[in-house]
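In each ligand, atom 1 is the first atom listed, and ligand 1 is the first ligand listed. Bear in mind the structure is a predicted one, so any value in this text is a computation, not a measurement.
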Amino acid sequence: MRSPYDAVMDRFRVTGGARLAGEVRITGAKNSALKLMAAALLAEGVTVLEEVPKILDVQIMSELLRRLGCVVEGETTGTLSIDVPASPGHVTDYDLVRSMRASICVLGPLLARCGEVQVAFPGGDAIGSRGLDMHIDGLVKLGATVENEHGYLIAKAPKGLVGTPVWLDFPSVGATENILMAAVLAKGTTVIDNAAREPEIVDICTMLSGMGAKIEGAGTSTIEIHGVDGLSPVRHRTVPDRIVAGTFAVAAAVTHGDVTVRNARPEHLEIALDKLTVSGAAVTTVEDGFRVVMDRRPGAVDVVTLPYPGFATDMQPQFAVLNAVSDGHAMITENIFEARFVFLQELLRLGASIRTDGHHAIVRGVDRLSGAPVLATDVRAGAGLVLAGLVADGETLVSGVHHIDRGYDDLVNQLQVLGGSIEREPEPEPRF
Ligand code: EPU
């Protein structure tokens with residue numbers, strides 16, 4: 001597998017015009033697998049995770065766990081084994097954490113397991129402010145002290161954590177996960193109110209329950225956790241990636257294609273698939289997935305991003321592309337990450353007609369997009385630009401593909417199998 005530094009130097013050359021047709025199989029979700037890897041820290045011994053995507057973020061998380069003393073194998077095979085020592089380290093590598101936002105999810109499990117943890121302020125995609133206040137407030141409610149020193153968050157709970165009610169101001173995915181993973185080993189009962197309800201939260205609760213945790217209410221706004229003294233390692237299959245599945249669904253729609261997506265759960269994409277139906281696609285459930293067939297120019301569809309079960313912010317760029325080539329106009333409202341509209345600037349380069357005002361964007365469909373060099377600024381923006389390239393006239397050169405590698409397992413090959421014209425190539429040296 002290539003390193004992040006190799007991939008920074010790559011770009012995709014996408015030639016528009018092909019109709020995508022055929023079958024594609026999706027792996028487990030990035031945004032679950034990374035948290036499941038962190039959850040493994042809660043038990044000594046070998047945890048095995050299946051359907052782990054072969055992506056850059058999994059490599060980074062594997063390295064982070066290794067530096068805590070774990071033996072991690074299989075990140076290029078899809079089945080990951082993580083052997084956690086009796087006393088894992090509690091100081092995480094500064095640069096690894098800064099390179100990936102999801103690494104903040106080791107905060108809760110390490111605090112619960114070691115009574116102390118030191119984690120750098122995380123980095124990741126440039127899509128907004130992405131605070132940590134709810135993560136910290138929740139852990140403080142459970143009895144931890146949290147300080148910020150020299151770029152690190154240092155959390156301590158030498159006498160252990162104690163269960164308590166925790167209310168979240170917003171159903172944050174990351175805060176729910178961190179508090180959950182801390183609470184499973186706390187003394188007594190923790191109730192998380194206004195908890196996130198994403199399928200990835202249900203997945204981690206399923207894994208933790210398999211490890212011996214006592215959790216009620218996963219998938220609802222109130223999660224009740226009864227702390228236990230210890231957990232055991234487990235074998236667990238990662239929930240399929242609803243965002244990758246949704247990306248292929250939109251790819252089928254914008255290319256007037258016919259794509260069957262396997263190992264996908266249509267019930268996790270209800271609103272997005274419904275929007276595609278409104279847009280004119282025929283969406284049907286098939287064994288182990290769904291099929292999207294589109295035989296005309298898409299109709300425009302309004303989109304409002306919200307926490308699950310609302311429309312996913314991670315599908316917003318893909319639907320911006322659908323609207324950009326639609327027969328009509330639509331309003332997109334982004335409520336989760338304020339900087340996600342940066343991506344729309346790149347769509348303008350391709351000839352899209354878009355006006356933004358704060359967190360609203362009006363997209364007027366145009367007859368044709370026109371291929372041009374563009375830059376992926378985050379993983380979903382990158383996916384959106386690839387979709388735009390598939391329908392634009394001529395060639396679209398997508399730079400910044402290391403962002404796409406963070407979340408899409410073998411995207412180029414999968415699109416090629418469906419008939420898309422896309423190649424990976426080295427980025428030429430800058431001329432200035
Ligand atoms: N927020 C705070 N304070 C906090 C926590 C969150 O202000 O303590 C704010 C964030 O700034 C943001 C909003 O709340 O505006 C949502 O944040 P949330 O915590 O729900 O998101 P996250 O855990 O940082 C995960 C996914 C994102 C996905 C969101 C929403 C991972 C690694 N990331 O982020 O995925 O968009 O949930 O569903 O699980 C992606 O895959 O492209 C991606 C960005």
key: Ala102 N/O under 3.5 Å from ligand 1 N/O   = no

key: Modelled atom types, side-chain donor and acceptor of His403 and Asp378, under 3.5 Å   = no

query = Out of curiosity, Ile404 CD1 to Arg424 CZ, how far, rounded to the nearest 0.5 Å?
reply = 8.5 Å

inquiry  = Could you check whether Tyr152 and Thr92, counting side-chain N and O atoms only, form a donor-acceptor pair closer than 3.5 Å?
reply    = no

message = If you take the nearest heavy atom of each of Val173, Ile336, Asp133, Asn31, which one is closest to atom 15 (O) of ligand 1?
response = Ile336

ask   = Is it true that Glu425 and Arg11 have a side-chain N and a carboxylate O under 4.0 angstrom from each other?
value = yes

key: Nitrogen or oxygen of Gly174 less than 3.5 angstrom from that of ligand 1   = yes

key: Glu216 and His226 side chains, donor-acceptor separation under 3.5 Å   = yes

Ion pair Glu267/Arg242, N-O distance below 4.0 Å = no

task = Report the part of Arg380 (side chain from C-beta onward, or backbone N, CA, C, O) that has a heavy atom under 4.0 Å from ligand 1; answer both or neither where that applies.
result = side chain

ask   = Do any nitrogen or oxygen atoms of Ser172 come within less than 3.5 Å of a nitrogen or oxygen of ligand 1?
value = yes

key: ligand 1 atoms in contact with Val379 (distance to a heavy atom under 4.0 Å)   = 42 (O)

query = In ligand 1, which numbered atoms sit nearer than 4.0 Å to a non-hydrogen atom of Thr313?
reply = 36 (O)

query = So is Gly131 polar-close to ligand 1, meaning N/O to N/O under 3.5 Å?
reply = yes

task = Answer yes or no: is there an ion pair linking Arg235 with Glu50, defined by an N-O contact shorter than 4.0 Å?
result = yes

query = When only distance counts, is Ala175 in polar contact with ligand 1, meaning an N/O pair under 3.5 Å?
reply = no

query = Quick one: does ligand 1 sit under 4.0 Å from the side chain of Tyr308, the backbone, both or neither, non-hydrogen atoms only?
reply = neither

message = Quick check on contacts: which atoms of ligand 1 are under 4.0 angstrom from a heavy atom of Phe170?
response = 13 (C), 14 (O), 16 (C)

request  = Take every heavy atom of Lys35, measure it against each atom of ligand 1, and state whether any distance is under 4.0 Å.
outcome  = yes

query = Can you check salt bridge (Lys or Arg N to Asp or Glu O under 4.0 Å) on Lys35 and Glu198, steps first, answer last?
reply = CA-CA 13 Å; Lys35 323 305 172 59; Glu198 271 70 1; over 6 Å; no

message = Is there a polar contact between ligand 1 and Lys30, counting only N or O atoms under 3.5 Å apart?
response = yes

Proximity of Glu338 to ligand 1 by residue part, where a heavy atom lies under 4.0 Å = neither

message = Between Gln59 and Glu75, is there a side-chain donor-acceptor contact under 3.5 Å, judged purely by atom types and distance?
response = no

query = When you measure from atom 44 (C) of ligand 1 to each heavy atom in Glu334, Arg340, Met134, which option holds the nearest one?
reply = Arg340

key: Charged N-O contact under 4.0 Å between Asp314 and Lys30   = no

